[in-house]
Amino acid sequence: MAPEFDSSGAASGVLAIGRDFSDLLKASEQARFLASHDPLTGLPNRLRFAEALSHAVRAHVTHGEEFALLYIDLDDFKQNQRQLHPRAG
């Protein structure tokens, strides 16, 4: 920001230049989300799962909090995922 002066030297206004960073912020948020979520399903990925499981186990050991883990093995999941969305892998 810089002051503007008229011909007599009196302050007449302020010159300001602004920039719109909303696209940059949106891209940053998208990258942060994709680092911990599957791009096809939007579900938490293995890294996020490992962090959540570690946190749950720690809470159980230190505070006796209960947690449950459900394991589902889907036959040919990877192959079906590639057929449904080849670029996502």
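- Heavy atoms of other residues, nucleotides or ligands lying less than 6.0 angstrom from CD of E66 number 12 at most.
- Following chains of ILVMFWY side-chain contacts shorter than 4.5 Å, one can reach L53 starting from V61, so the two form part of one hydrophobic cluster.
- In this structure, S12 and D6 approach most closely via the heavy-atom pair OG-N, 3.7 Å.
- Proximity of L43 to F49: side-chain heavy atoms (C-beta onward) are nowhere separated by under 4.5 Å.
- When all heavy atoms of L34 and N45 are compared, the pair lying nearest together is O-ND2, 4.4 Å.
- In this structure, CD in Q30 is found 13.5 Å from CG in L25, a value given to the nearest 0.5 Å.
- To the nearest 0.5 Å, atom NE2 of residue H55 and atom CD of residue E65 are 7.0 Å apart.
- The backbone N or O of R58 sits less than 3.5 Å from a side-chain atom of T62, completing a donor-acceptor pair.
- Counting all heavy atoms, side chain and backbone alike, A16 lies closest to M1 at CB-CG, 3.9 Å.
- K26 contributes atom NZ, which lies 9.5 Å from atom CD of E29 (distance to the nearest 0.5 angstrom).
- A donor-acceptor pair under 3.5 Å is absent between the side-chain atoms of H60 and the main chain of A56, judged by distance alone.
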